[in-house]
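Whatever order the structure lists them in is the order used to number ligands and atoms, beginning at 1.
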Amino acid sequence: MLGRFFKKPGDDLGGRVPPGQTLTTRFPVLTYGPSQHYAPQDVVVRVFGLAEEKTFTWDDLLALPQTTLTYDIHCVTHWSKLDTTWTGVRVVDLMEHLQLDPAARYVMQHSVGGYTTNLSLEDFTRPENLLAHTFGGEPLAPEHGGPLRLVVPHLYFWKSAKWLDGLEFMATDRPGFWERNGYHMRGDPFKEERYDDD
Ligand SMILES: Nc1nc2c(c(=O)[nH]1)N[C@H]1C(S)=C(S)[C@@H](COP(=O)(O)O)O[C@H]1N2
Ligand SMILES: [Mo]
């Protein structure tokens with residue numbers, strides 16, 4: 001534990017800081033295009049593709065178990081932020097209410113405004129992944145994806161869609177917005193899966 005108070009150059013804090021990352025205590029905003037602004041009452045997450053079609057409203061989501069988790073996040077633009085605390089619905093708890101076609105192997109996250117990002121079903125259903133509405137005990141700010149975003153902390157942060165409004169289950173992988181523009185299809189920060197030509 002003592003080691004955590006000594007930040008020597010090159011110290012990776014016991015393996016928590018992926019290669020090529022530097023720590024920040026700020027919370028940078030990274031959005032392609034404008035931030036979206038809408039009320040929690042307007043949140044709708046539509047499940048479609050290779051799953052029984054279903055929609056979850058804000059009230060539906062708040063009626064599910066609520067979980068608070070603390071973990072580190074890593075942006076491909078080289079900043080990492082340790083010990084961020086999020087509250088929301090765990091993906092695994094949402095999955096209890098979904099009927100997937102057995103052919104479903106991948107998920108496309110869709111956002112209000114058109115942003116998309118893809119995940120394998122395995123990466124999507126990790127126990128720590130959250131549909132988050134609260135950050136550090138406060139309602140998630142619009143510029144950070146409030147009222148509702150996905151948080152998938154084991155991959156680079158572009159894999160965590162802000163203003164989530166759709167989950168599309170798919171049989172085969174398909175690139176989302178940044179993946180079509182050269183980013184890696186998976187984005188593991190510990191393997192530095194930044195760009196697909198790496
Ligand atoms: N809808 C949407 N989600 C998004 C993005 C975006 O532009 N639009 N940017 C992604 C990228 S590149 C990053 S690093 C994180 C940034 O989240 P933050 O602004 O809360 O730090 O959101 C991801 N999710
Ligand atoms: Mo990013």
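Side-chain contact, His110 with Thr116: no donor N or O sits under 3.5 Å from an acceptor N or O. Side-chain N/O atoms of Gln66 and Thr87 include no donor and acceptor closer than 3.5 Å.
The distance from ligand 1 to the heavy atoms of Val29 drops below 4.0 Å at these ligand atoms: 19 (O). The contact set between ligand 1 and Thr31, taken as ligand atoms under 4.0 Å from a residue heavy atom, comprises 7 (O). Listed by atom number, the atoms of ligand 1 under 4.0 Å from Phe27 heavy atoms are 20 (O), 21 (O). Of all atoms in ligand 1, numbered sequentially from 1 with element shown, those under 4.0 Å from a heavy atom of His144 are 18 (P), 19 (O), 20 (O), 21 (O).
Among all protein heavy atoms, the one lying closest to atom 3 (N) of ligand 1 is Lys162 N, 2.9 Å. Among all protein heavy atoms, the one lying closest to atom 9 (N) of ligand 1 is Leu30 O, 3.2 Å. With hydrogens left out, the protein atom closest to atom 24 (N) of ligand 1 is Ser160 O, 2.9 Å, a heavy atom. At the top of the distance list for atom 14 (S) of ligand 1, counting protein heavy atoms only, stands Cys75 SG, 3.3 Å. In terms of protein heavy-atom proximity, atom 12 (S) of ligand 1 is closest to Trp158 CB, 3.4 Å. Protein heavy atom closest to atom 13 (C) of ligand 1, with residue, atom name and distance, is Phe157 O, 3.7 Å. Scanning all protein heavy atoms for the shortest distance to atom 22 (O) of ligand 1 gives Arg149 NH2, 3.2 Å. The nearest protein atom to atom 7 (O) of ligand 1, hydrogens excluded, is given as Tyr32 N, 2.7 Å; this is a heavy-atom distance.
Within the structure, salt bridge (Lys or Arg N to Asp or Glu O under 4.0 Å) pairs that include any residue of residues 28-40 do not occur (at least two apart or interchain).
Salt-bridge annotation for Glu128 and Arg126: present, with a side-chain N of the basic residue lying under 4.0 Å from a carboxylate O of the acidic one. By the 4.0 Å N-to-carboxylate-O rule, Glu53 lies close enough to Arg46 to be salt-bridged with it. Classification of Arg90 and Glu96 as a salt-bridged pair fails, no side-chain N sitting under 4.0 Å from a carboxylate O.
For atom 21 (O) of ligand 1, the nearest non-hydrogen atom from the set Ser111, Gly114, Pro28 comes from Pro28. Counting heavy atoms only, Tyr115 comes closest to atom 6 (C) of ligand 1 of the residues Tyr115, Tyr156, Trp178.
In this structure, Arg149 is not positioned above the aromatic face of Tyr115 in the sense of NZ or CZ being under 6.0 Å from the six-membered ring centre and within 45° of the axis.
With sequence neighbours left out, Tyr32 forms a ring pair (Phe, Tyr, Trp, His ring centres under 6.0 Å) with Phe177, Trp178.
For Trp163, no nitrogen or oxygen atom sits less than 3.5 Å from a nitrogen or oxygen atom of ligand 1, counting backbone and side chain alike.
Aromatic rings from Tyr195 and Tyr183 are positioned such that their centres are separated by under 6.0 Å.
A distance of 5.5 Å separates OG1 of Thr67 from CG of Asp93, quoted to the nearest 0.5 Å.
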